[in-house]
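Data first, discussion second: the structure below is written as structure tokens.
Nothing fancy with the numbering, it's 1 onward along the sequence. Order of appearance sets the numbers: ligands from 1, and atoms from 1 within every ligand.
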Amino acid sequence: MTEGSLPPVRRPLPDETTLERELFEAGRRLADALPGTARNPIAAADDKAMALASQDAELKAALFRFVDVVPACRSLDDLARHLTGFLGEVEAPPPPVAVAMRMGNTRAGRTALGAAAAAGVKHMAHRFIVGESPKAALGTLRELWKDGVASSVDLLGEATVTQAEAQRYAERCDTALDALATAARGWPERPALERDSAGPLARANLSVKVSALTPLLRPDAPERGKRDAADRMRGLLRRARDLDAHLHIDMESLDSRDAVLELVLELLAEDEFRAGPSAGMVLQAYLRDSPQMLDTVLDWTTGAGAARERPLTVRLVKGAYWDHEVVEAAQHGWSAPVFEVKADSDRNFEQLTRRLLDARPALRVAIASHNLRSIAHAIAYDHLSGGDGTDLELQVLRGLGDPLQHAIAAQGLRVRTYCPVGDLVAGMAYLVRRLLENTSNDSFLADQAKGIPLEQLLAPPAVGAGR
Ligand SMILES: Cc1cc2nc3c(=O)[nH]c(=O)nc-3n(C[C@H](O)[C@H](O)[C@H](O)COP(=O)(O)OP(=O)(O)OC[C@H]3O[C@@H](n4cnc5c(N)ncnc54)[C@H](O)[C@@H]3O)c2cc1C
């Protein structure tokens, strides 16, 4: 480390009773800081489709299939035909859905229904996507920053299947880094977002996906995909270093996990990136072998990566591809690589949170979750082990964590919101993933929306309310 003050002296590790007490207080402070309607984010978001869908698996499946075909529809009539077609598969539709299906019987009704459906999908997409281009997103990013919320921009794109698409994605990332870094220079000072005990933190922050940087990332030939992605990734790392921006590499499904991890650790250990840029990767706590992956990263910090001047940021998430991993494993007759009981993912998330926080200052830690218990656990553990929040970053997703980002900022803690940028078509896969997650029976946000009391929401995973 070259800059910054010394990290705080660590206290002896807390006992579980003290930790639970502190965690409950931190969770209650956050819950109290949420605006009234936001304690029930799904119902408050006025998209009743989501609330309805979460109660009815068949309806949910029909709506997801519908959301998928929206970008391909040529007219409002066409859109309504698809909607009534999908809804027609639901055996006992709830009353609002039955009304929609009756409207689909006439051409005028179909046009009206199509317009309402198109507006509904757009409205929902705009909740999760900050703008159609990085330039269009700059106003929102500046407002967030002014409110004490940092951001990481994610450029949505369709699956990369050709070299030309991969090249185009790399160029879009390059342009976005430039636009973000230039605009961020004019943002007002926000000390909590700009410095930790390891030194300055970049204002401009971009999240990228390796699968979009190469069409060759396949589990059966990982070296080819890695080599192909490496050239484009090097270009982005150079650009981020020159602009003093942070580059974060997202994690996707397990079939690319090892290649992505190796690629990131190998590139960042290269001499030319010793002094920068600031960079990060993602650890997925739903994976049973995630503790071993953390061992690999920690070994790297004392081995090949030891000479780096900026600590690697590790963003801890639960993982966004749970259904995919379970189905993929079942199809091959493999045992699932992910935990199958939600409480197991939650417990592992807490264990990894502790190991990551204990590993500072070799790493920078970002805890990404909308689950009050998971967040409060990180805040409490940091505090009881001698931290004052400076070396803990909390991260949320745009659209799911909007009220939470303000509640976290109001505590003086550093929060970063992951902000997807792109058009509706590019955003569909992202939107469907968020909707799936949000309406799942195992989702914290769905539990919160049901009005489950805070004591239960903050209870330890093993004895939580069926979670
Ligand atoms: C800033 C940010 C960046 C992110 N980046 C990535 C990324 O790069 N890669 C990525 O994969 N995800 C990423 N995610 C998404 C993340 O993995 C989660 O999907 C999402 O945050 C929901 O988890 P939660 O803690 O908010 O909610 P919770 O409701 O507490 O947890 C939901 C999660 O629990 C897990 N789960 C659900 N059901 C079960 C079950 N039956 N058994 C075991 N586990 C189960 C799943 O992972 C599910 O997403 C990111 C999230 C944020 C906030």
Item to check | R29 and D32: CA distance, side-chain angles, deciding distance, salt bridge (Lys or Arg N to Asp or Glu O under 4.0 Å) verdict | outcome: CA-CA 5 Å; R29 276 197 301 278; D32 287 348; over 6 Å; no
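- Legend: residues meeting ring pair (Phe, Tyr, Trp, His ring centres under 6.0 Å) with W187, ordered by chain and number and at least two apart, are W145.
- When atom types are taken as modelled, the side chain of E194 and the backbone of R190 share a donor-acceptor pair closer than 3.5 angstrom.
- Protein residues are said to neighbour a ligand when one of their heavy atoms lies under 4.0 Å from it; for ligand 1 these are D250, M251, V282, Q284, Y286, R315, V317, K318, G319, A320, Y321, W322, F339, E340, V341, K342, S345, A368, S369, H370, N371, Q395, V396, L397, Y418, E437, D442, S443, F444.
- Looking only at side-chain heavy atoms (C-beta outward), D344 and Y286 stay at 4.5 Å or farther from each other.
- Contact check on D244 versus R203 returns no salt bridge, with no Lys/Arg side-chain nitrogen under 4.0 Å from an Asp/Glu carboxylate oxygen.
- Between R232 and A166, the shortest heavy-atom distance links the atoms NH1-CB, 3.5 Å.
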